[in-house]
Structures are given as C-alpha cells and as structure tokens.
Amino acid sequence: MTDMARQLLEELMNQYQGTSKDFRDPDVCKDHLVNFCPNLLFTNTKADLGSCELIHDDRLSTEYKSSSDYKRLGYEESFYNRLHNLLSDLDRKIRRAFERVSTEADDKVINPEKEENQESVILLEEKIKTILENIENAGEEGRVEEAKSLTDQLEKLKTELKAAQEKANTINPMFKNEKKLEVCDVCGAFLVPDDDTRRLDAHIEGKQHQGYLKIREALAEHKKTFERSARRTSNERKSTSGSRYQRSRSRERTSSRRRYSRSRSGERASSRRRYSRSRSKERSSSKSRNKYKERSRYRSRERYNR
C-alpha cells in the first residue's frame, strides 16, 4: 500500500475509528494537532520524510485547541523546533548549491589540452616561416624541383596549423552552450533561466516547493506571534514598573510628610517646653525679688520704729 493510499484510508476511517481517541494518546500525531504533519507534505518527492504512522484527525485537533491544555503540553514547541531543523538543513543545502552554480569553470576543465595546442601552433608557424624563406631562395636560384617539394610541405604544415588552432580554441562539450543554473531560494531546486513558463509554473505548484513554502510561512507567522507577545509582555512590565514607581514615590512623599510633620510637631513641643520653663524661671525669679524687697521694707520700718 502506497503512502498516498494509506493517507486516504486514514482520512476516511478516522471519522469511525477516532471517536474513542483522545488527543493525548501516544498514537496521535501531535504535529497535526498544532497545525500540520510535515511528513505528509513531501510524499513521493526527493524531500520525502517517510510515512507517518500516527493518527491525523481534524476532530482531535479541534478538541485540543478548545481544551484547557491548549499550548500547555509542549506540542507547539516540539512542532516549531522540528520545522526550524528542517529549514536549517535545507538552507545549508541552498547555500552549497549557490556556491556551486556561482563558481566559474576553470580553463583547464573547459580545455585541458589548450597549452599544448598553443605551443604546437607556435612551432608550426615558425616552420611555415622557414619554409617560405627556403622556397623564395630556391626560386631565385632556379631550383624548381626543390621549390615544388617545399611548397607541398608548406601546404601540409598549413593544414596542421589550422587543426592545431581549432584544438586550441576547442571547448569541452560539457560546457558548450551551457546555461547557468539558478537555485530556488524556497525549496533549493535547480532552475534553468529563461525556461519554459509551464515548467516554472509546474515547479512552483509542485509538492516539494509548496511544502517548504508552507513550512516557511508557518515559521514566519509563529515568529510574528512571538514578537507581538514579547512586546505586549514588555509593555506590561513597563506599565507595572511605572505604577510601582508611582506607588513608591507616593509612599515616599507620604512618609516624608509624616516625618516632617512629626519633626515640626516635636520642634513646636520642644519650643513650648523651653518657653514654659523660661517663663516659670522668670516668674520664680520675680517672686523672689519681690519677697526680698518686701523683707527689706519691713526691716527698714522696724528700724525706724525703734
């Protein structure tokens, strides 16, 4: 039974067999509960992750998302960690593929015998030059037969020179009329530039490209959700710290006013006590002076009467 047939059979039988199942059961696919099962994205492709023998039931997924245990059992963390690992492996392959297609072919690979052929061209050109001089000298001296023989040799050397020049400029058939490949930055597949539109559309709509696109979109949405949650938490902390600071400042001001009030009250009480003691001393001193004066007057009268 193929993976596609097994998946179809599971979808048909889940509505009858899944009624007694709980989303916590070990034979239930937790990735499917969270969002989707990555194994089902790449069936019969080069990126096939193998079949998933666990239960994929949309009813269990709905029950999980409406339960009080939603996002409390660690299913989400495991799911997104797996997606992250899949994309990390893929991105490494994409980087290697980019390096591969961007590397220019070496001259030794394009034409391994180029240097030898160029040397042969130089030697043949020198021989041809020498034979031309000999033909000219033989003609001037009337040596007709020698001139004819040298002319035959010259034609052979010219033929060899032409062949050597062609070899020196020959390109390896592997690189002849080669179109530089491109790499799909979504799924890592090799693409031919200016290829037929139908082939490009078929690639974009293919299972492998769509599978990795779905994974990238899920991770991007998770990242946005996480960032929004982090900003909300940060704002709440700032608001809480601000209110705490205000309460602390209010308590400090109240405490400061109380200390000031107690200090002022103590100063006033101390001042009243000092004033009271001072007045008391003054009154006692005045009384003593009056008594002294009265005694002095009484004594003076007694002296007078005597």
Measure from the side-chain N and O atoms of Thr130 to the backbone N and O of Glu126, and report whether any donor-acceptor pair falls under 3.5 Å. yes
Are Glu63 and Arg59 ion-paired here, with the side-chain N under 4.0 Å from a carboxylate O? yes
Show, in sequence, the C-alpha distance, side-chain angles and deciding distance for Lys21 and Asp57, and conclude whether the side chain to side chain contact (heavy atoms under 4.5 Å, CB included) test is met. CA-CA 10 Å; Lys21 283 292 179 184; Asp57 190 350; 5.9 Å; no
Side chain Ser149, main chain Glu146, donor-acceptor under 3.5 Å: no
Taking atom CZ of Arg228 as the centre, report whether more than 12 heavy atoms of other residues, nucleotides or ligands fall under 6.0 Å from it. yes
Answer yes or no: does atom CD of Glu77 have more than 12 heavy-atom neighbours from other residues, nucleotides or ligands under 6.0 Å? no
Distance, nearest 0.5 Å, that separates CG of Leu157 from CD1 of Ile131: 4.5 Å
Would you name the heavy atoms of Leu54 and Pro26 that are closest together and state the gap between them? CD2-O, 3.9 Å
What pair of heavy atoms forms the shortest contact from Tyr80 to Val34, and how long is it? CE1-CG1, 4.5 Å
Test salt bridge (charged side-chain N to carboxylate O under 4.0 Å, His left out) applied to Arg216 and Asp91, step by step: CA-CA 11 Å; Arg216 292 184 184 278; Asp91 289 339; 3.0 Å; yes
Does Val183 form a side chain to side chain contact (heavy atoms under 4.5 Å, CB included) with Leu191? I'd like the steps, not just the answer. CA-CA 6 Å; Val183 181; Leu191 303 175; over 6 Å; no
Can you check whether Asp31 reaches Pro38 side chain to side chain, under 4.5 Å on heavy atoms? yes
Which heavy atom in Cys52 sits nearest to a heavy atom in Asn39, and how many Å separate them? CB-CB, 3.9 Å
Is there a side-chain contact between Ile128 and Leu154 in this structure, where contact means two heavy atoms from C-beta onward sitting under 4.5 Å apart? yes
Does Val192 share a hydrophobic cluster with Val186, counting links as ILVMFWY side-chain heavy atoms below 4.5 Å and allowing steps through other members? yes
Do side-chain atoms of Ser67 reach the backbone of Tyr64 as a donor and acceptor pair under 3.5 angstrom? yes
Apply the test side chain to side chain donor-acceptor pair (under 3.5 Å) to residues Ser229 and Glu227: give CA-CA distance (whole Å), side-chain angles for both, the deciding distance (0.1 Å), then the verdict. CA-CA 5 Å; Ser229 177; Glu227 290 176 350; over 6 Å; no
Count the heavy atoms of every other residue, nucleotide or ligand shown that sit under 6.0 Å from CZ of Phe190, and state whether that count exceeds 12. yes
With side chain to side chain contact (heavy atoms under 4.5 Å, CB included) as the criterion, how do Tyr70 and Glu76 come out once you've worked through the C-alpha distance, each side chain's angles and the decisive distance to 0.1 Å? CA-CA 9 Å; Tyr70 182 51; Glu76 285 75 16; 3.7 Å; yes
To the nearest 0.5 Å, tell me how far Lys148 NZ sits from Ile135 CD1. 13.0 Å
Should we say atom CZ of Arg199 is surrounded by more than 12 heavy atoms from elsewhere, each under 6.0 Å from it? no
Just checking Tyr75 against Phe23, ring centres under 6.0 Å apart? no
Looking only at heavy atoms, the pair that brings Leu161 and Glu125 closest together is CD1-CG, 3.8 Å
Measuring from Asn35:CG to Glu221:CD, what's the distance to the nearest 0.5 Å? 10.0 Å
Leu33 to Lys65 - nearest heavy-atom pair and separation: O-CE, 3.2 Å
Rounded to the nearest 0.5 Å, what separates atom CZ in Arg24 from atom NZ in Lys30? 10.5 Å
Straight-line distance of Cys187 SG to Gln208 CD, nearest 0.5 Å: 5.0 Å
Asp58 side chain to His32 side chain, donor-acceptor N/O pair below 3.5 angstrom: yes
Interatomic distance, Tyr212 atom OH to Glu217 atom CD [nearest 0.5 angstrom]: 15.0 Å
Which atom names give the shortest non-hydrogen contact between His209 and Ile204, and what distance separates them? CD2-O, 3.2 Å
Checking Asp89 side chain against Leu86 main chain: does a donor-acceptor pair fall under 3.5 Å? no
Under 6.0 Å from the NZ atom of Lys162, do we count more than 12 heavy atoms belonging to anything else shown? no
Without swapping roles, check the side chain of Ser78 against the backbone of Gly74 for a donor-acceptor pair under 3.5 Å. no
If two hydrophobic side chains count as joined below 4.5 Å and joins carry through other members, does Phe226 share a cluster with Ile215? no
Should Lys207 and Asp48 count as an ion pair when the cut-off is N to O under 4.0 Å? no
Run the numbers on Leu83 and Phe36 for side chain to side chain contact (heavy atoms under 4.5 Å, CB included), then give the verdict. CA-CA 11 Å; Leu83 297 189; Phe36 57 85; 4.1 Å; yes
